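Single-structure report; data block below.
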Number of protein chains: 2
Amino acid sequence: MPEKPELDFPRPLTTVDVVIFAIRSNALQVLLVQRPRAETEPFPGAWALPGGFVDVAGDRDLEACAARKLKDKTGVVSPYLEQLGSWGSATRDPRGWSATHAYFALLPEQAAGGALAADAQWFAVEGEKVRPNLAFDHAEILQAAVQRLRSKVEYTSLPAYLMPPEFTLPELQRTYEIVLDRPLEKSAFRTRMLAADLIEPVARMRKGPNRPAQLYRLKKARAPVFFARTFNPPG
Amino acid sequence: MPEKPELDFPRPLTTVDVVIFAIRSNALQVLLVQRPRAETEPFPGAWALPGGFVDVAGDRDLEACAARKLKDKTGVVSPYLEQLGSWGSATRDPRGWSATHAYFALLPEQAAGGALAADAQWFAVEGEKVRPNLAFDHAEILQAAVQRLRSKVEYTSLPAYLMPPEFTLPELQRTYEIVLDRPLEKSAFRTRMLAADLIEPVARMRKGPNRPAQLYRLKKARAPVFFARTFNPPG
DNA sequence: TAAGTTAGTTGGACTGTACAACTAAGTATG
DNA sequence: CATACTTAGTTGTACAGTCCAACTAACTTA
């Protein structure tokens, strides 16, 4: 196969990493995997974001590669998956110049409870931090993912992707509150959600520890909604 | 140099492309470069986004690589530069599996008039389209950049980076209107801009074809401001 | 000197949020 | 079985920001 001279440049390593979020036990959690303990590996035994090298033969494109890694670790096939950004430098991987394409995924709670890979484990995200020290620059990537999630939750309907197929308005509000880590106004939340034309009521009601509550579901084929204002402006 | 087996994977080509915007002649314009006409090159003679391979020896990280390519083509050293996203697939480059890290830059008009590279030229962006057929998937990347710019202009102070150091409020509003391609309300624009605590008045006034107009400048160390509402909601 | 242009202000109608009080319908407890 | 508790959802008032239009002020041009 003839190659042009310029293609003889040394090429950076190319990886894809996925920040996988779910609400579990009333907290925002992220899925991490433990790196192999072999000393030939970088960061042996450390926790890291799920990810790895692009398979030039098998991966059609970057998003397919991210979806593959997500499925490998969780069994989930098509959740919300969004590109987060890319990180590349000469120093982030001890094996050489490397660039990673980072994605973030949102899973409903019950999907997050499924068939986890053996090396994978959920960790709570608290105040943009996570307990273990992460391999590579994954702490920075994770922090960017949490910031992006929090920021988009302010003005979009993203948290709906963290919900089961049917949910009540207060449940949706609680999800917003967990991600944002602050309480929201009940009536303003209701007004905005209903005005957004994002969810629709289903016939059934949920019997809770109170009166029956109206169940809603996401309207089909509805992209994330952009809200005009932030909730509870500071002050 | 000992390498682990997994590093023998074929690596994707890694490039960085920069979408460079400026307001010129009261229109949003983007800088394109013409690809070499040699038949050994992909897309010979076609217009493309400024960009190219990451220099593993010379580029510290992706952003430095983007800044280098920007400086090569425009001479501008440190404008607003933001990561846009990455595009990677087996088919986007005829030479093989490739991934590009795309950035977008905003230049003030006078900086955009500077020392252009010989193969570079400004093109007007009209309705998210640009005249020439672009090489690779650069039309898609450019479209994403325009969308991102328009969208962020709705709710941030980004257009300030397209302004000269000192400007009047109506001039700033005109820049918003050019990017958004629709008129904005004068009094609402003024209220929002001043409330955003983003710009500060300078002592001098500008003598225009009317009375002296107050000059403003960007407050230092001020990140893009997030506005609560969109301008002129549809309808 | 008169007409035109543009910067900036003012006021009324309207919309959506913050906050708090309220009603209604279930559950838990004695 | 009666009472208290909990939570879903509503209502009302105050307030802030936008939309729209009319207005004033200061300069330019004919």
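Proteins get letters first, then strands, A, B, ... in listed order; numbering begins at 1 in each. From a predicted model like this one, the values you see are computed outputs, not experimental measurements. As a basis for the values below, the full set of heavy atoms in this structure was taken, side chains included, without hydrogen atoms, waters or symmetry mates.
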(request) Assess whether one donor atom and one acceptor atom, taken from the side chain of B:S187 and the base of D:dC19, lie less than 3.5 Å apart. (result)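 Flag unset: no donor-acceptor pair detected.
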(request) Output yes when at least one side-chain N/O atom of A:R192 is less than 4.0 Å from OP1 or OP2 of C:dG16, else no. (result)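 For C:dG16, OP1/OP2 do not have a side-chain N/O of A:R192 under 4.0 Å.
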(request) Respond yes when some side-chain nitrogen or oxygen of B:R190 is under 4.0 Å from OP1 or OP2 of D:dC19, and no when none is. (result)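 Answer is no, no contact under 4.0 Å.
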(request) Please report the shortest heavy-atom distance between A:Y176 and A:S157, naming the atom on each side. (result)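 A:Y176 and A:S157 have their closest heavy atoms at OH-CA, 3.3 Å.
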(request) Looking only at non-hydrogen atoms, find the nearest pair between B:L62 and A:W87 and report the distance. (result)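 It is CD1-C, 3.9 Å.
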(message) Using the side-chain heavy atoms of A:T191, tell me which of these nucleotides is nearest: C:dA7, C:dT17, D:dA8.
(response)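 Nucleotide nearest to A:T191's side chain: C:dT17.
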(message) Can you tell me which nucleotide in D:dC20, C:dG8, C:dT17 comes closest to the side chain of B:E185?
(response)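 Selected nucleotide (nearest to the side chain): D:dC20.
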(request) Quick one: which residue pairs count as a side chain to side chain donor-acceptor pair (under 3.5 Å) with a foot in residues 99-125 of chain A, not counting sequence neighbours? (result)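 As it turns out, the side chain to side chain donor-acceptor pair (under 3.5 Å) pairs with a partner in residues 99-125 of chain A, which skip direct neighbours, are A:T15-A:T100, A:D17-A:T100, A:K73-A:D119, A:Q83-A:Y103, A:H101-B:S86.
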d([atom1], [X]; [atom2], [N]) in whole Å:
X: B:K186; N: D:dC19; atom1: NZ; atom2: C1'; answer: 13 Å
X: B:R174; N: C:dG8; atom1: CZ; atom2: P; answer: 11 Å
X: A:L194; N: C:dT15; atom1: CG; atom2: C1'; answer: 16 Å
X: B:E177; N: C:dT6; atom1: CD; atom2: P; answer: 13 Å
X: A:L215; N: D:dG9; atom1: CG; atom2: C1'; answer: 15 Å
X: B:F189; N: D:dG17; atom1: CZ; atom2: C1'; answer: 15 Å
X: A:F167; N: D:dA8; atom1: CZ; atom2: P; answer: 15 Å
X: A:M193; N: C:dG16; atom1: CE; atom2: P; answer: 15 Å

(message) Applying side-chain hydrogen bond (donor to acceptor under 3.5 Å, both in side chains), can you list everything that pairs with B:R92, at least two apart in sequence or on another chain?
(response)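 Once residues adjacent in sequence are excluded, the partners of B:R92 under the side-chain hydrogen bond (donor to acceptor under 3.5 Å, both in side chains) criterion are B:S98, B:D137.
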